[in-house]
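The model shown is predicted, which means the values in this text are computed figures rather than measured ones.
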Amino acid sequence: MANTKFIFITGGVTSSLGKGILAASLAKLIQSRGYSVTIQKLDPYLNVDPGTLNPYEHGECFVTDDGAETDLDLGHYERFLNVPTSQANNVTTGRIYQSVINKERKGDYLGKTVQIIPHITDEIKRCIMLLGKKGDYDVVVTEIGGVVGDIESLPFIEAVRQLKWELGNDALCIHLTLVPYLAAAGEIKTKPTQHSVKQLLEIGVQPDILVLRTEHELNLSVRHKVALFCNVDRNSVFESPDARSIYEIPLIFKEQGLDEVVMTKLRLPIKQEPNLELWTSKVERLYNRDRVEKIAVVGKYVELPDAYKSISEALNHAAMVNNVKLDIEWIHSEKVNDANVAELLKDKKAVLVAPGFGHRGIEGKLIATRYARENNIPFLGICLGMQCAVIEFARNVLGLADANSAEFDHATANPVIDIMEQQKSITNMGHTMRLGSYPCKISDKDTNIFRAYGEDLIHERHRHRYEFNDNYLEAMEQKGMIAVGKNPDTDLVEAVEIKGHKWFVGVQFHPEYKSRFETPHPLFVAFVKAAISE
């Protein structure tokens, strides 16, 4: 296609309306019509990336193949489009300012005064346009984080204003806003949306399409009123209602014709009808599963569902393949102890020990791991979860009572988990871990992990500083914990299993990052299958 088309999605009134799901749903619909599409997120905070942010602050940090630590919305983008994202798909204010200041220090601006306009906005525009050129995409959907009116979002909105002017028919703006229902008055109120659009207009951006987030169905009179007061065509006002699943949203927008209106405004030829047969069949399967099984996820951030978003999605993808519903109990590892672990896990068909950092809640994870091992309960340990499996095995099977990770106890005499050699000299915390996709060679075909993947060379994403200490490998394997997967270049242990156990797998990598709605991750599929098998 001659020109890449750009769609900008802004939000108004309040956060958490679902801009990311709107972006992913629209992109899915356009992709299903035969176009190549990608999505990027522009985040207005000053952190260079979410890598150093606490999950309580920002939710999950999603990792791409190229090692970028990004916003969790990129996980939604990949799960919907089934296309990998990269560093270019997530841009923060911190990255923008860092780039501009680096250019100023090098003398790129030839002594000029560096200003928000044009230097910051030019850098924002460069990042937006770069993604279209880099991937040769037909359409780039750009989600602007935050809410219109936020001070920190203003440079991004200004950049959108400039690009809409420069790109003409190759760009449009969709504004997602809230239409609340006041129960006391029994009325739907459009005034917040009108004020939100007014704020956008004051910055110089006229939205081409409005999407109204609502808990109640909107009649035509409400939509026509919004169109009239917000200078938008009547057929360009859509509603985003509550849905039973986020994966139903593309079908809701398709029924309303959102993608057709977008493509018409962008002058994109409608080459074919959306190919959504597989997607639709999977959505139908979501609501047609009678069998329910309980599993436990043990972690330290369970109060915040977004902290383990990719894990919960991967589990639900796998459950759908196995034609079962999962009743996931999120157990806080700080609340697990020897006295209550049996009660907490007695009716659970499987245990997943989640990733994380720091010593808080580690003893609870170790106790849960031991219970799963000793009671032959299917177990999956991810990243820190695998490390906990190694520590627990060393303590209670090898008899090394003080076995630990050097992350939690620098003075331990038995660091069965130790810091990676190349990490020892690192002092900066940001973007310095082992990040991104690495190969893993599966050495034994008579293993759960090989049966799951069906191949002996896999590639998975990583995010860690500490690793299995090879000095203990021989002793571990003699007692039954086998290193079944290693990095072929560095010999780093990537996966362990316990022979003779029903299903006990620990992986240093993060398989959850690569699970998709249409293509669930094989390791999660195998884990859930083991959980429900008698």
Side-chain angles (χ1 to χ4, degrees), residues 289-305 307-308 311-356 359-399 401 403 448-449 452 479-481 496-507 511-512 523-534:
R289 295 170 293 164
D290 295 326
R291 183 177 175 181
V292 180
E293 299 290 0
K294 293 183 178 181
I295 71 167
V297 176
V298 182
K300 59 173 70 176
Y301 311 114
V302 294
E303 313 96 307
L304 184 69
Y308 300 116
I311 288 176
S312 65
E313 292 299 318
L315 286 169
N316 286 317
H317 298 163
M320 190 167 52
V321 173
N322 285 287
N323 199 31
V324 66
K325 287 183 181 179
L326 292 183
D327 179 4
I328 303 174
E329 183 170 341
W330 300 88
I331 299 176
H332 201 301
S333 58
E334 284 191 293
K335 297 180 180 179
V336 180
N337 55 54
D338 288 322
N340 67 11
V341 64
E343 183 64 27
L344 289 172
L345 300 180
K346 67 177 182 180
D347 58 345
K348 308 303 183 296
K349 292 297 184 71
V351 176
L352 187 154
V353 173
H359 69 277
R360 182 174 64 86
I362 290 300
E363 291 304 317
K365 288 188 174 185
L366 295 174
I367 291 167
T369 301
R370 181 177 185 176
Y371 186 88
R373 178 180 61 80
E374 293 181 341
N375 290 276
N376 207 31
I377 300 172
F379 171 91
L380 176 60
I382 297 176
C383 196
L384 180 60
M386 183 198 99
Q387 296 176 4
C388 286
V390 172
I391 295 168
E392 187 279 322
F393 194 87
R395 288 183 182 180
N396 299 306
V397 179
L398 267 61
N448 290 313
I449 195 167
K479 291 292 187 178
M481 177 172 277
V496 298
E497 291 192 16
I498 294 179
K499 292 284 188 176
H501 192 281
K502 180 178 181 181
W503 204 96
F504 191 105
V505 176
V507 292
E512 71 272 20
L523 192 60
F524 280 91
V525 172
F527 174 59
V528 173
K529 184 178 180 180
I532 65 175
S533 63
E534 299 299 334

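- Residues Asn396 and Leu366 fail the side-chain proximity criterion, which asks for heavy atoms closer than 4.5 Å.
- Taking 4.5 Å as the limit, some side-chain heavy atom of Phe504 sits within range of a side-chain heavy atom of Thr369.
- Two residues are said to be in side-chain contact when any heavy atoms from C-beta on lie closer than 4.5 Å; Leu352 and Phe527 meet this criterion.
- Contact check for Leu523 versus Leu380: side-chain heavy atoms found under the 4.5 Å cut-off.
- Between the CD1 atom in Ile295 and the CD1 atom in Ile377 there is a gap of 12.0 Å [rounded to 0.5 Å].
- In this structure, the side chains of Arg289 and Val324 stay at 4.5 Å or more apart for every pair of heavy atoms.
- Between Tyr301 and Tyr308, the ring planes lie tilted relative to each other; the angle falls in the 30° to 60° range.
- Between Ile498 and Phe393 the shortest side-chain heavy-atom distance falls below 4.5 Å.
- Inter-residue side-chain proximity for Val298 and Leu344 is flagged as unmet; no heavy-atom pair is nearer than 4.5 Å.
- Counted within 6.0 Å of NE2 on His332, heavy atoms from surrounding residues, nucleotides or ligands total more than 12; the atom is thus considered enclosed.
- For Lys300 and Glu334, the salt-bridge test fails: no basic side-chain N is under 4.0 Å from an acidic carboxylate O.
- Under a 4.0 Å N-O distance rule, the pair Glu329/Lys346 does not qualify as a salt bridge.
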